[in-house]
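When a ligand or atom number is given, it counts from 1 through the structure's own listing order.
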Amino acid sequence: MNSRRRGILTVISGFSGSGKGTVTRELISRYKDNYWLSVSATTRQAREGEAHGVHYFFVSDERFKEMIAQDEFLEYAEFVSHSYGTPRKSVEEHLAAGQDVILEIEQQGAFQVKKAMPEAILIFLVPPSIEELERRLRGRGTETEAQIRARLEQAAVESEYMELFDYLIVNDQVDHCVEDIHHLIRTEGSRTYYMKEKMIDLQEGLQAYRKEA
Ligand code: 5GP
């Protein structure tokens, strides 16, 4: 953790089938010390192998509404008839402590984050081709043909808004994609916005050399 500067907030979004879940998990496991992955609240049921507080906070519709009313979300959205939201407090605490935070969320939520925190990096992951997208969606083997069709329709809508993201990354190989994202975030950390403490240090150190007025 780098406590000298505020953490960088990165949003990873992408079509269903873009591989954003796999890429995010790999990024976090490869660079455990660099990133903190936010845990969202959702009203959907837990799938096999998912744990409360680890993959999601599984909450009731009532509890979700209460969290909205109490302004507990940094962003929230509906996705396939369920609600998903990013708890604001934990994200802000980690950023304030200098930890770089990753959100893996859908497109509407990504735009809400950008509005609330314009300095956030918005990344949109895409597959190398439409054929590959279909192949990945079918390859999961968990969805019906109608559900696959619905996901492709959703992708068609989302494709209209890709240019509102800061970066588009093609996920042809998870390994490359993870390295691209890691590199991008590191580069972002060199923005003067994040280097204020360093600049102040230098300016103070150089005070003695200023020409007398
Ligand atoms: P799943 O139900 O497959 O875990 O997630 C469905 C979609 O919801 C994915 O696109 C995922 O990125 C998105 N999602 C997960 N958590 C959040 C969240 O907190 N906010 C928003 N806006 N989307 C989320």
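Contacts with ligand 1 closer than 4.0 Å are made by side-chain heavy atoms of K20 only, the backbone lying farther away. Counting heavy atoms closer than 4.0 Å to ligand 1, residue E104 contributes atoms from both its backbone and its side chain. For Q45, no heavy-atom contact with ligand 1 is shorter than 4.0 Å.
Scanning V39, I105, V11 for the heavy atom closest to atom 18 (C) of ligand 1 points to I105. Between the choices Y84, F57, F111, the shortest heavy-atom distance to atom 2 (O) of ligand 1 belongs to Y84.
The shortest separation from a heavy atom of R47 to ligand 1 is under 4.0 Å, placing the residue in contact. Residue contacts with ligand 1 include Y56, since one of its heavy atoms falls under 4.0 Å from the ligand.
When only non-hydrogen protein atoms are considered, atom 7 (C) of ligand 1 lies nearest to F79 CD2, 3.6 Å. Closest protein heavy atom to atom 23 (N) of ligand 1: E106 N, 3.2 Å. The protein atom (non-hydrogen) at minimum distance from atom 19 (O) of ligand 1 is S40 OG, 2.6 Å.
By the 30° and 60° cut-offs, the orientation of the rings of F124 relative to F165 is tilted.
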Open item on the list: Run the side-chain hydrogen bond (donor to acceptor under 3.5 Å, both in side chains) test on E158 and Q154 for me, step by step, so that the C-alpha distance in whole Å, both residues' side-chain angles and the decisive distance to 0.1 Å come before the verdict.
Closed with: CA-CA 6 Å; E158 290 180 0; Q154 176 75 20; 3.0 Å; yes

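Residue A77 has at least one heavy-atom neighbour below 4.0 Å for each of these atoms of ligand 1: 22 (N). Which parts of ligand 1 touch R44 is read off a 4.0 Å heavy-atom cut-off, strictly below it: atoms 1 (P), 2 (O), 4 (O). Within ligand 1, the atoms closer than 4.0 Å to a non-hydrogen atom of E75 are 18 (C), 19 (O), 20 (N), 21 (C), 22 (N), numbered from 1 in the order shown.
Comment: R30 engages E179 in a salt bridge, judged by a side-chain N to carboxylate O separation of less than 4.0 angstrom. A salt bridge links E188 to R191: one of the charged nitrogens lies within less than 4.0 Å of a carboxylate oxygen. A salt bridge links E153 with R149: the distance from a Lys NZ or Arg NE/NH1/NH2 to an Asp or Glu carboxylate oxygen falls below 4.0 Å.
When all heavy atoms of L37 and I102 are compared, the closest pair comes out as CD1-O, 3.5 Å. Across T42 and R44, no two heavy atoms sit closer than the pair OG1-N, 3.1 Å.
A chain of hydrophobic side-chain contacts below 4.5 Å, direct or via other Ile, Leu, Val, Met, Phe, Trp or Tyr residues, connects L103 to W36.
Residue A41 has no nitrogen or oxygen atom sitting less than 3.5 Å from a nitrogen or oxygen atom of ligand 1, judged on distance alone.
One side chain, E75 or T86, offers a donor N or O that lies under 3.5 Å from an acceptor on the other.
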